Amino acid sequence: MGVYRSCQARSRVMSRLHVLLLLVVPSTAALNRESRQHSPQFDKAQPPMATPLHYILFGTTVNTTVLLLSDATDAPTLAGLCVSTPSCGGFTLGSGGGEPGDLPPHNDRGSALYTLADIREHNTSQAGIDLVVFGTQPGWQIAGVTPKVRRHTFPTSNGVVGVQRGQLTITAARGQPASAVLTDAMARFEKSDLFAGASVRTDRDATMTLGTVATITIAVVDTAADLADGVNESYVLAVSAATGITVRAQTVWGALRGLETLAGCTMQGYDSDASLFYIDEQEIDDEPAYKFRGLMIDTARHFLSVPTILTVLEGMAVEKLNVLHWHAVDDQSFPLESTALPRLASTGPYGPGLGYTVENISLIIAFARSRGVRVILEIDTPGHSQILAYAYPELGLVTQCPGTTCWPPLDVSKNSTLQFVRELWHDFGSLFPDRSAFLGGDECHYQCWAANAGVTAWANQSRLAVDGGGEGTVFGWWIDQIVSVVFGELDKRPMMWSPLEWDPAAPPAKLVESGAILSLWTGQISQLAYNITLRGKNELVLSNGWYLPVGDSAYSVDPRKVCPANCSDAQRARIIGGEACKWGEGTDATNLFTVLWPDVTMVAERLWFSSGEPSAFDLLDGVRLRLRRQRCRLVSRGVPAPPMAAVYVPDASHASFSLWRQLQWCEGDSGLARPIEPSPEVHRWAEAAARAHRLRSRRPLVFD
């Protein structure tokens, strides 16, 4: 008989074990050939021998151990071998449990042993195998750290440490310069966030711990590093019964990511002590694949309350996203208070109480910073700007184009229009501290300009083409002016929606000079990616494919793969990440979270851990299991992520029993009843920022 047994628990064994079975298990003949090459003395009469093999699985080397057993091997013999083998804590025999279509899941205590009938049912090509035993999986695969981490190692001791809620201190390393953000985060995780949504394990209890850790130490090299484009977010998490738990990071922002990972590794035992949590001994060395990991929300089409936005930001922190792209204004409304243009506050929102004061905006920015999230404001021009005419109709800011079905853009031929938008950017440029500003630039209907006699006369005089969006056009001229304001006057890096055309021989001069970041959203994506990255300082983020909701296909997108095969490594390096976009035409607070999640979880993992693995959703290692567990963490943190599916109540000996217990616990979790509440420290930051902005605000502008 050929018996295949994977006892290398610390290797990247697939959580969806039937996938590993179908793709890795060789035929009996091949198994015996491989084994005899390594063990020439093999004989059925001899005791079983462990033989290491290496398989390439989806581009990743998987280390396995094969135990060759005699025909007479029975379940007790297997059980004895399992107990005596490192990292193997037991197995369950036969069918049953799991979800429809699955092979029997492995046991939480160790392994699963599959019968010939199980295998034949799912893959007749493996009919020559009588028993298949999978080794134990470490806690991170069961607990479901999401996003996946890049380098993960476990000691051979299989140690587990205990953490007692209410008796734990999270502290900064001795002599480390203080950081208000880190201090706030340590208090938050110590009180609740470390334990929120902890995975429930049926194989963790107080008898297994090697000791209880009372202190978690956070060591940061540069506590002054600002939350900015490209800041170092790497960290190393070490959990040891002998040396304790430490998070080491170059910056505070890396430490925040490490704390989120530690929370993902924290497990709740299914025992009587509800305050005792468990963390496997391990070391994680992690960093993001992309530096720009964004989510866009739209508050112009439907208003989203401040608590709703704070809840979005809490979810982003759990997912390790680091940019909130705020599409705040559009044709339909202008809900932001402008101290320089005060009529916008009264006429721009849909109604009283449906706008954001300077204090509201400052609180959103401060809360985002406490979670390691940058907030980038988008003011979209020259299209999507009709709302401005309602506040200041006497200025004629919007082009009149009778007889057309266009969405009227701004009338850029008037000096007052440029003066108005310039003032907007100066006002909000000081309120939003991030060093990037999103200029919009999408869906400008040039036909409206062509239908307006005043614009065409000005364009002819200025030697500009009315149609098109490149150099020498009205649109190109306008973008140059706004780039000059944002980049030249405010010292911010421009961002905008990618143009539909980009001539690499004659690219837009101001966009190249400023090193603008472009969001690839539509058009010939691959060709645009090639053209834009061919020269200059421009970088790209990908939004195409991530206009939510998109379902399972969210996991099939990888930003750098949009660059065609003839892209150089330097070109691919200029693709710095991506963003999921949720436009607001059909979304408000009543359904926002049901369309954001679980898609956001999948996008976040592709941006943090982009491994080149297959994109077919069902072939990913445990992604459905991890999505469900991540949903529990989100709910416990007050984020109303929707449930994904019902889970069958399995036998207590199966892995899905642990998942079922956690999902059962999620149903009664009180997280959603507890609104997201910024800490007193965050409130102080926000109040100081709002006060400073009002003090430095200009007097209302008098237009030419």
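For this chain, numbers begin at 1 and follow the sequence in order. Given the structure is predicted, the values throughout are model-derived calculations rather than measurements.
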Minimum heavy-atom distance [X]-[Y], with the two atoms named:
| X | Y | value |
| --- | --- | --- |
| L256 | A185 | CD2-CB, 3.3 Å |
| M186 | T171 | SD-C, 3.6 Å |
| I576 | Y290 | O-CB, 3.4 Å |
| R374 | S436 | NH2-OG, 3.4 Å |
| G551 | D599 | N-OD2, 3.0 Å |
| A554 | M602 | CB-CB, 4.1 Å |

What's the separation between atom [atom1] in [X] and atom [atom2] in [Y], rounded to the nearest 0.5 Å?
| X | Y | atom1 | atom2 | value |
| --- | --- | --- | --- | --- |
| R371 | D193 | CZ | CG | 6.5 Å |
| L194 | E190 | CG | CD | 9.5 Å |
| R637 | R633 | CZ | CZ | 6.0 Å |

Can you tell whether the side chains of [X] and [Y] come within less than 4.0 Å, N to carboxylate O?
| X | Y | answer |
| --- | --- | --- |
| D569 | R574 | no |
| R435 | D229 | no |
| E287 | R151 | yes |
| E681 | R188 | no |

Compile the donor-acceptor pairs under 3.5 Å between side chains in residues 208-222 and protein atoms, sequence neighbours left out, one pair per line.
from	atom 1	to	atom 2	distance (Å)
T209	OG1	A206	O	3.2
D222	OD1	A224	N	3.1
D222	OD1	A225	N	3.3

For the backbone of S553 and the side chain of S556, can you confirm whether one donor and one acceptor N or O come within less than 3.5 Å of each other?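 The answer is yes, because a donor-acceptor pair under 3.5 Å joins these two groups.
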With side-chain hydrogen bond (donor to acceptor under 3.5 Å, both in side chains) as the rule and sequence neighbours excluded, what pairs involving residues 233-249 come up?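 Residue pairs with at least one partner in residues 233-249: N232-S234, E233-R257, E233-R293, E233-N322, Y235-T261, Y235-D286, S240-T243.
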Using salt bridge (Lys or Arg N to Asp or Glu O under 4.0 Å) as the criterion, point out the one residue from D226, D434, D184 that pairs with R369.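 Answer after filtering D226, D434, D184: D226.
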Identify which one of L313, V373, V375 satisfies the side chain to side chain contact (heavy atoms under 4.5 Å, CB included) criterion when paired with F367.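 The residue from L313, V373, V375 that satisfies side chain to side chain contact (heavy atoms under 4.5 Å, CB included) with F367 turns out to be L313.
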Run the side chain to side chain donor-acceptor pair (under 3.5 Å) test on S519 and E579 for me, step by step, so that the C-alpha distance in whole Å, both residues' side-chain angles and the decisive distance to 0.1 Å come before the verdict. CA-CA 8 Å; S519 183; E579 58 178 349; 3.0 Å; yes
Can a donor-acceptor pair be found between the side chains of S275 and Q164 at a distance below 3.5 Å?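 Checked: S275/Q164 side chains pair up, N/O donor to acceptor below 3.5 Å.
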Does the pair E260 and K320 meet the rule for a salt bridge (Lys or Arg N to Asp or Glu O under 4.0 Å), with working shown? CA-CA 8 Å; E260 290 291 354; K320 298 190 178 81; over 6 Å; no
Under the side chain to side chain contact (heavy atoms under 4.5 Å, CB included) test, which residues partner A604, sequence neighbours left out?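 With sequence neighbours excluded, A604 shows a side chain to side chain contact (heavy atoms under 4.5 Å, CB included) to E319, L321, given in chain and number order.
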